[in-house]
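Below is one structure; the comments refer to it alone.
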Amino acid sequence: MSEAGGGRGSGSSVPQRTPWSLVAATAALCLVSATSVWTAGAAPMSREEKQKLGNQVLEMFDHAYGNYMEHAYPADELMPLTCRGRVRGQEPSRGDVDDALGKFSLTLIDSLDTLVVLNKTKEFEDAVRKVLRDVNLDNDVVVSVFETNIRVLGGLLGGHSLAIMLKEKGEYMQWYNDELLQMAKQLGYKLLPAFNTTSGLPYPRINLKFGIRKPEARTGTETDTCTACAGTLILEFAALSRFTGATIFEEYARKALDFLWEKRQRSSNLVGVTINIHTGDWVRKDSGVGAGIDSYYEYLLKAYVLLGDDSFLERFNTHYEAIMRYISQPPLLLDVHIHKPMLNARTWMDALLAFFPGLQVLKGDIRPAIETHEMLYQVIKKHNFLPEAFTTDFRVHWAQHPLRPEFAESTYFLYKATGDPYYLEVGKTLIENLNKYARVPCGFAAMKDVRTGSHEDRMDSFFLAEMFKYLYLLFADKEDIIFDIEDYIFTTEAHLLPLWLSTTNQSISKKNTTSEYTELDDSNFDWTCPNTQILFPNDPLYAQSIREPLKNVVDKSCPRGIIRVEESFRSGAKPPLRARDFMATNPEHLEILKKMGVSLIHLKDGRVQLVQHAIQAASSIDAEDGLRFMQEMIELSSQQQKEQQLPPRAVQIISHPFFGRVVLTAGPAQFGLDLSKHKETRGFVASSKPYNGCSELTNPEAVMGKIALIQRGQCMFAEKARNIQNAGAIGGIVIDDNEGSSSDTAPLFQMAGDGKDTDDIKIPMLFLFSKEGSIILDALRDYDEVEVLLSDKAKDRDPEMENEEQPSSEHDSHEVDLADQESPEESSLNSHPELLSPADTDNAASVSPSEQNSDPTENHEPMSLDGECTDLDNQLQEQSETEEDSNPNVSWGKKVQPIDSILADWNEDIEAFEMMEKDEL
């Protein structure tokens, strides 16, 4: 997500209003030359080891790209568990995630310039021919404007940029005649109708064939878009204009950026996450540097680099000052409210903010970049990957990890800025984790849950477009790359655009005299890159000294909910009431609530409802205290929900040819051996007869000493467990009888007892939905013996066993059969901007009568924030059913939920955002 290369200028200054024809020499990247300084603390890595790691990256790319071309092309993406292509409309919908798919061979286009960076010029030439021959951009499909721009338009322009470079070198692409550019121009015109709004902000989606608002288009009724969706267009659209001479593309992208700038909150200089494309009103008023906003900031700085327009740098510096004042709480980056930026909007961070240290390197602000990067690295060392979201005390908030590249990107830029070999070791860890935990026979599979190590049948195109590019460049020396990477800028999808575009077809005015930014005083901005002597003042241990205090930050755990209300405390003032101390029968507490604008309402069902109206608070400080109190109450309620639920378990296939690569998410049982407290159970599987396990088994010799497979239905779970235990089974796996069910599209299922004493059941019992169960059944059909591991978390693979594996493409396509995950948050996490929550309400909490005389942690219910008490019990509880409840609509007919109580956290976060809406002072 960042500018390419590093080390340009070796710390020399970029004068104000530098002629942009000198950009290649001056490079306003503010990167420190990697050759000029490196910090001690990590032993220098030998060139031989760097080459070895670089070759390892090449092999990993070949594994991912080769399997896509063999098993998926011309589909948009590879499903690495089932070894087939993902074709939109032929697989279960994943919601917004699928808006990136347009039946245009997405992964191939997104990988074009990666092939050149990795010196695969022959493969690049073949890939370009395939794109020109096979790809159709006129499909009747609704796609995301943002995703199509950064992945497809950016991929075509990056491919064109390197195609003309190779042609000039005289060996490859001699036949090329701007065909990729013509495709990019065709796509650009197809995207232009999305800008047909009064504001100039584009619609979030468009039909490639029919455009917007036509009946057959099936889109054009949306009113909102995210800030990054509208603000991440200028690089690709301006490059298209500069390449072709058609100025309309750059004009439209500039108009959208101008509108976002004018709508910033003037007192804080922050922007919200979601905006109404017709009125310009902020729909979501929280602000951060992660999902929904991230690449808007990135493109302001890079638009200055690529286009040479000072106004973009002025805007970026204005925003950056606000970010460092309000959002940056080193090493954390926490969202705030744009109207009350001293108050945090949430107590968790999303994975997409991992790009920000890299952007800070481009800005030249190295210290906070090192701090945040190190904090993220500590989270990765704890969980092997960066969870989609994690709390301020570093607990997993959303457990998925779709192989995002942002952390690798920041690692690359920090290495280029510091030359510190520590970052090479970080990159080595990333490579090892990918190969150890994400590699499967048909590619690399996203992690469904970083805690259990379970996989998701998903390999996004950005994994090939970005991850391998940054990792290879991290270990490559200049002579390892066939062109000068510093002559290009990286887009947010890591596509390469040449810097010489800054002086080509300059028909756009560099100043919008109607906008207020022309009034800003230049003295407020930093126009020069920091000198290396300032960044590393005669101290080779500079970077290490910044990292060292953060080495144990995850294990020690930061205090939960870092809220800077203490800045408002007057000397000697009494600390505010905390939710954990609240007693509904304490008159003093009730008086404090009243002062904070919080009212107590007794409901007919016996519960007590808390409602906050900030306008009724005694002061603005009391209002903020009240808002914090309500947020804490939500967190206590969410924690109570989590304590009542069992975490997911893992079924890991460890026999040949899987060797632990396939990990299935399993539901736990409320009876039998607790795998979280005892050693895992390992054994071969065997089907029971009768298959439903509802009577004495007729094949006890087949299941003796093995893990029995039984089908759900016709009797209680506990009865099944007793029957297979009596037959000598050492464990049981219950497979759902509802064909097509999957943990991807259903909440975690917990098997309940039969209402009787179940202490007699001593074996572990796990539940698999139909699609996960079919993976084991298929393996049992294809191979004589299938051995599995039942555990609370996937175990490391056995390298000795894996070395014995013989490659067999014939078997690979049958080894797995797992559908893709769909969850409320995952559907909107496809790329940088879309980690969004549903819309807003006001502040209310419900407390049961028992809490009036007890600690509120004992029985809190979630808060509805609309002045009404919303019953969320059914949404927040995990399913815990008996076998008799066999109505399929109960288990998987609801809105999709992720595993391990994430929906409870999701509602918590929705409400935390919603608290802000009517809370204006």
Side-chain angles (χ1 to χ4, degrees), residues 72-77 85-110 112 128 130-157 159-160 178-197 200-226 229-230 232-233 236-237 240-241 243-244 246 248-249 251-253 256 277-278 460-461 493 495 827-828 830-831 833-834:
Y73 182 80
D76 283 316
E77 290 180 343
R86 181 181 299 283
V87 179
R88 195 165 176 184
Q90 296 182 15
E91 301 294 335
S93 172
R94 301 176 298 168
D96 294 346
V97 176
D98 285 338
D99 287 342
L101 311 180
K103 299 181 179 179
F104 35 38
S105 301
L106 176 63
T107 298
L108 181 62
I109 292 177
D110 223 0
L112 287 177
V128 172
K130 283 185 171 68
V131 169
L132 300 180
R133 182 190 68 201
D134 300 335
V135 172
N136 177 23
L137 298 175
D138 196 40
N139 299 311
D140 179 12
V141 59
V142 177
V143 297
S144 162
V145 172
F146 167 81
E147 297 290 354
T148 304
N149 172 67
I150 65 171
R151 300 204 207 188
V152 185
L153 183 59
L156 292 171
L157 291 172
H160 169 71
D178 295 350
E179 289 87 351
L180 291 178
L181 180 60
Q182 295 309 310
M183 289 185 68
K185 187 175 181 181
Q186 176 192 359
L187 180 59
Y189 279 118
K190 285 184 172 294
L191 296 178
L192 283 184
F195 293 84
N196 188 22
T197 61
L201 299 178
Y203 282 95
R205 298 174 184 84
I206 194 168
N207 188 298
L208 289 176
K209 188 177 184 68
F210 298 109
I212 294 286
R213 300 189 70 105
K214 296 178 183 178
E216 58 269 37
R218 306 184 303 283
T219 189
T221 59
E222 302 93 342
T223 59
D224 306 334
T225 194
C226 67
C229 298
T232 310
L233 299 159
E236 292 84 0
F237 272 52
L240 184 57
S241 288
F243 271 130
T244 64
I248 188 172
F249 304 109
E251 290 169 355
Y252 274 49
I277 60 177
H278 303 297
D460 291 85
S461 68
E493 190 78 2
H495 293 307
S827 296
S828 56
N830 186 34
S831 188
E834 292 137 279

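For the numbers below, each heavy atom of this structure counts, side chains included, while hydrogens, waters and symmetry mates do not.
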- Query: Could you go step by step and tell me if Arg205 and Asp96 meet the side-chain contact (heavy atoms from CB on, under 4.5 Å) rule?
  - Reply: CA-CA 10 Å; Arg205 298 174 184 84; Asp96 294 346; 3.1 Å; yes
- Message: With side-chain contact (heavy atoms from CB on, under 4.5 Å) as the criterion, how do Val143 and Leu101 come out once you've worked through the C-alpha distance, each side chain's angles and the decisive distance to 0.1 Å?
- Response: CA-CA 7 Å; Val143 297; Leu101 311 180; over 6 Å; no
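The side-chain heavy atoms of Asp110 and His495, taken from C-beta on, include a pair separated by under 4.5 Å. Side-chain contact between Arg151 and Ile109: absent, with no pair of heavy atoms (C-beta onward) separated by less than 4.5 Å. Between Ile206 and Pro193, some side-chain heavy-atom pair lies under the 4.5 Å cut-off. The closest side-chain heavy-atom distance from Leu181 to Leu157 is below 4.5 Å. With a 4.5 Å cut-off on side-chain heavy atoms, Leu233 and Phe195 count as touching. Put simply, the side chain of Asp140 reaches to within 4.5 Å of the side chain of Phe210, judged on heavy atoms. Counting heavy atoms from C-beta on, the side chains of Leu153 and Thr148 never come closer than 4.5 Å.
Pairing each heavy atom of Lys103 with each of Asn139, the nearest pair is O-ND2, 3.0 Å. Here the shortest heavy-atom pairing between Val87 and Ala75 reads CG2-CB, 3.8 Å. Of all non-hydrogen atoms in Val145 and Ala194, the two that sit nearest each other are CG2-CB, 3.8 Å. Considering all non-hydrogen atoms of both residues, Gly200 and Ala256 come closest at O-CB, 3.7 Å.
Taken from CG in Asp460 to CG in Asp76, the straight-line distance is 11.0 Å, to the nearest 0.5 Å. The CG atom of Asn207 sits 8.5 Å away from atom CD1 of Ile212, with the distance rounded to the nearest 0.5 Å.
In the displayed structure, Asn136 atom CG is contacted under 6.0 Å by more than 12 heavy atoms of other residues, nucleotides or ligands. Phe243 CZ: more than 12 foreign heavy atoms inside a 6.0 Å radius.
Annotation: side chain to side chain donor-acceptor pair (under 3.5 Å) contacts of Thr219 (sequence neighbours excluded): Glu222. Ser241 pairs by the side-chain contact (heavy atoms from CB on, under 4.5 Å) definition with Phe249, Glu250, not counting sequence neighbours. For the side-chain contact (heavy atoms from CB on, under 4.5 Å) test, residues two or more places apart in sequence or in another chain that qualify with Ala230 are Leu201, Pro202, Thr225, Leu260. The side chain to side chain donor-acceptor pair (under 3.5 Å) search around Asn149 returns Glu236, not counting sequence neighbours. Partners of Tyr73 according to the side chain to side chain donor-acceptor pair (under 3.5 Å) rule, which considers only residues two or more places apart in sequence or in another chain, are Asp134.
Not a single donor-acceptor pair under 3.5 Å links the side chain of Arg133 to the backbone N or O of Val131. Counting only distance, with no hydrogens or angles, the side chain of Ser105 and the backbone of Pro74 share a donor-acceptor pair below 3.5 Å.
Asp99 and Arg88 are joined by a salt bridge, as a carboxylate oxygen and a charged side-chain nitrogen come within less than 4.0 angstrom of each other.
Relative ring orientation between Tyr203 and His278 is described as perpendicular, the plane-to-plane angle rising above 60° on a 0-90° scale split at 30° and 60°.
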Only pairs under 3.5 Å count here: list side-chain donor-acceptor contacts from residues 182-192, not counting sequence neighbours, and write none if there are none.
residue, atom, partner, partner atom, Å
Lys190, NZ, Asp138, OD1, 2.7
Lys190, NZ, Leu208, O, 3.0

